[in-house]
Amino acid sequence: MGKSKVLVVGGTGYIGRRIVKASLAEGHITYVLQRPEIGLDIEKLQMLLSFKKQGARLVEASFSDHHSLVEAVKLVDVVICTMSGVHFRSHNILMQLKLVEAIKEAGNVKRFLPSEFGMDPARMGDALEPGRVTFDEKMVVRRAIEDSNIPFTYVCGCCFAAYFVPNLSQLATLTPPKDKLFIYGDGNAKAVFVDEDDIATYTIKAIDDPRTLNKTVYLRPPENILSQTQLVDIWEKLSGKNLEKFTISKEDFLASMKDMDYAGQVGVGHFYHVFYEGCLTNFEAEEGQEEASSLYPEVKYTMMDDYLQLFV
């Protein structure tokens with residue numbers, strides 16, 4: 001069988017642009033949805049044109065025009081949606097329901113990968129308010145997919161490296177601390193950190209793989225399963241600096257929410273689940289679930305000491 005034709009929805013976004021690149025690199029005929037709603041956003045338009053130069057095909061469609069979405073979906077075998085679900089950028093998870101309806105009507109899609117990539121929403125039923133909205137809405141989309149009998153793959157289970165690694169998992173900054181940092185609890189809860197380009201590579205590997213059909217694929221490369229303390233140790237060895245460390249209890253960490261805006265409260269809740277509860281690693285894959293680095297050992301994923309080397 002030939003490689004599937006792929007439609008990327010949200011292709012100009014943070015993960016989407018990487019998915020487009022990975023799809024083209026793997027030799028897939030790759031379509032990118034061009035939404036007229038971009039208006040005067042010249043950067044998005046230029047990115048779309050750069051995709052076209054690389055070999056991607058642009059297809060115009062709008063979430064406000066059901067017929068155009070159906071026609072776009074009919075062009076491909078696989079649809080990958082990467083629309084943002086974080087509140088400090090944009091939160092569009094439920095817009096995917098319109099895409100589900102278009103896929104259902106088109107009737108030709110062999111695999112749909114909705115916007116996931118982070119924590120597994122199926123495991124976040126007890127998540128804190130207000131951050132639980134992310135997981136609740138992703139589960140609404142999952143139920144719509146499964147109720148429509150659309151073949152799917154859910155790719156999830158990691159922290160995006162750029163948001164969690166250089167800053168040693170500190171809130172409100174993206175660069176390494178200069179002299180001090182907060183340690184969450186005892187600092188020993190394990191998380192999973194994955195380079196965003198690797199997320200895209202694993203995602204594209206999964207789309208034609210019968211082993212991932214109607215399954216959840218976790219991104220858990222073993223060398224990147226680290227505690228916050230281990231992450232800090234790596235940085236201190238690379239930089240030659242010893243940072244002053246302040247432990248913050250779960251009670252004090254959660255109490256910090258009260259003076260934050262909505263997006264900040266969502267972020268604190270998500271950090272709590274990762275760094276106090278260890279929600280990314282406190283379980284083993286079960287039936288109906290796979291682990292990407294085991295499925296695709298040929299992928300030479302970026303390890304976090306190499307990633308941090310860029311910031312020394």
Taking Q228 for the side chain and F182 for the main chain, is one N or O donor matched with an acceptor at less than 3.5 Å?
yes
Could you go through V192 and C159, starting from their C-alpha distance and side-chain angles, then the distance that decides it, and tell me whether this counts as side-chain contact (heavy atoms from CB on, under 4.5 Å)?
CA-CA 6 Å; V192 186; C159 294; over 6 Å; no
Is it possible for you to say whether V133 and M139 belong to one hydrophobic cluster, with membership spreading through side-chain heavy-atom contacts below 4.5 Å?
no
Parallel under 30°, tilted from 30 to 60°, perpendicular over 60°: which one fits the rings of F271 and Y184?
perpendicular
Would E286 and R123 pass as an ion pair if we require N to O under 4.0 Å?
yes
Any donor-acceptor pair under 3.5 Å linking the side chain of S249 with the backbone of D252?
yes
From K178 atom NZ to T173 atom OG1, the distance as rounded to the nearest 0.5 Å
9.0 Å
If we ignore hydrogens and angles and just use 3.5 Å, is the side chain of K245 paired with the main-chain N or O of L243 as donor and acceptor?
yes
Just so I know, are the side chains of I234 and L226 near enough to count as touching, which here means a heavy-atom distance under 4.5 Å?
yes
Do Y218 and L295 sit in the same hydrophobic cluster, where Ile, Leu, Val, Met, Phe, Trp and Tyr count as joined when their side-chain heavy atoms come under 4.5 Å apart?
no
I'd like to know if the side chain of T281 and the backbone of A191 have a donor-acceptor N/O pair within less than 3.5 Å.
no
Would you confirm whether T229, through its side chain, and G187, through its main-chain N or O, come within 3.5 Å as a donor-acceptor pair?
yes
Might you work through the side-chain contact (heavy atoms from CB on, under 4.5 Å) test for F160 and I199, ending with a clear yes or no?
CA-CA 8 Å; F160 293 177; I199 292 173; 3.5 Å; yes
Any side-chain to backbone donor/acceptor pair from N282 onto E277? Under 3.5 Å, distance only.
yes
Side chains of R111 and T212: is there a donor and an acceptor less than 3.5 Å apart?
yes
Got a salt bridge between E71 and K74, using NZ or NE/NH1/NH2 to carboxylate O under 4.0 Å?
yes
Do F135 and H270 have side chains that get closer than 4.5 Å, going by heavy atoms?
yes
Positive for side-chain hydrogen bond (donor to acceptor under 3.5 Å, both in side chains) with H66, one of E101, K98, E105:
E105
Hey, could you give me the CZ/CD distance between F246 and E244, rounded to the nearest 0.5 Å?
3.5 Å
Just by distance, do the side chain of T175 and the backbone of P166 share a donor-acceptor pair under 3.5 Å?
no
With a 4.5 Å cut-off on side-chain heavy-atom distances among I, L, V, M, F, W and Y, is there a chain of contacts connecting L213 to L219?
no
Using 0.5 Å steps for rounding, measure from the CD1 atom of I93 to the OG atom of S115.
4.5 Å
Just checking, R220 and F283: is the charged tip under 6.0 Å from the six-membered ring centre and within 45° of the axis?
yes
Answer yes or no: are there more than 12 heavy-atom neighbours, outside K21 itself, under 6.0 Å from its atom NZ?
no
Run the salt-bridge test on D147 and R143 with the 4.0 Å N-O cut-off and return the result as yes or no.
no
Candidate pair L113 and I207, rule side-chain contact (heavy atoms from CB on, under 4.5 Å), full reasoning
CA-CA 8 Å; L113 285 72; I207 62 175; 4.0 Å; yes
Would you indicate whether the side-chain heavy atoms of K237 and W235 approach each other to under 4.5 Å?
no
With rounding to the nearest 0.5 Å, note down the distance linking OG1 in T153 to CG in N214.
7.0 Å
Check whether any side-chain heavy atom of S62 sits under 4.5 Å from a side-chain heavy atom of R35, and report yes or no.
no
How far apart are the closest heavy atoms of G11 and V32, and which atoms are they?
CA-CG1, 4.0 Å
Between F63 and L97, is any pair of side-chain heavy atoms under 4.5 Å apart?
no
Donor-acceptor contact present, side-chain D208 to main-chain K3, <3.5 Å:
no
Closest heavy-atom pair, P114 versus F112, reported as atoms and distance to 0.1 Å, is CD-O, 3.6 Å
If you measure from CE on M83 to CG on L33, what distance do you get to the nearest 0.5 Å?
9.0 Å
So which heavy atom on P36 is nearest to which on A61, and how close?
CD-O, 3.4 Å
More than 12 heavy atoms from other groups under 6.0 Å of CD on E37:
yes
Which heavy atom in G16 sits nearest to a heavy atom in V8, and how many Å separate them?
O-CG1, 4.1 Å
Would you find a donor on one side and an acceptor on the other, under 3.5 Å apart, between the side chain of H28 and the backbone of L7?
no
Cluster overlap V70 with M95, hydrophobic side-chain contacts below 4.5 Å:
no
Which one of V6, L58, V76 satisfies the side chain to side chain contact (heavy atoms under 4.5 Å, CB included) criterion with Y31?
V76
With side-chain contact (heavy atoms from CB on, under 4.5 Å) as the test, would you mind laying out the steps for M303 and N224 before giving the verdict?
CA-CA 6 Å; M303 292 189 286; N224 289 0; 3.9 Å; yes
Any heavy-atom pair between the side chains of F117 and T82 that's under 4.5 Å?
yes
Does R142 count as lying over the ring of Y154, i.e. NZ or CZ under 6.0 Å from the six-ring centre, within 45 degrees of the axis?
yes
Mark yes or no: R18 above the aromatic ring of Y14, with NZ or CZ under 6.0 Å from the six-membered ring centre and no more than 45 degrees from the axis.
yes
Would a distance-only check, ignoring hydrogens and angles, find a side-chain to backbone donor-acceptor pair under 3.5 Å from S23 to T30?
no
Check this for me: does any side-chain nitrogen of one of K205 and E298 sit under 4.0 Å from a carboxylate oxygen of the other?
yes
Atom of V141, atom of Q96 and distance for their closest heavy-atom approach:
CG2-NE2, 4.0 Å
Side-chain contact test, heavy atoms from C-beta onward, threshold under 4.5 Å: evaluate it for N108 versus D77 and give yes or no.
no
Between CD of E116 and OG1 of T203, what distance do you get to the nearest 0.5 Å?
11.0 Å
Minimum side-chain heavy-atom gap Y272-L254 below 4.5 Å
yes
Neighbour count >12 (heavy atoms, 6.0 Å) for atom CD, E129:
yes
If you look at every heavy atom in I183 and V232, which pair is closest and at what distance?
CD1-CG2, 4.2 Å
Between S293 and E291, a side-chain donor and acceptor under 3.5 Å:
yes
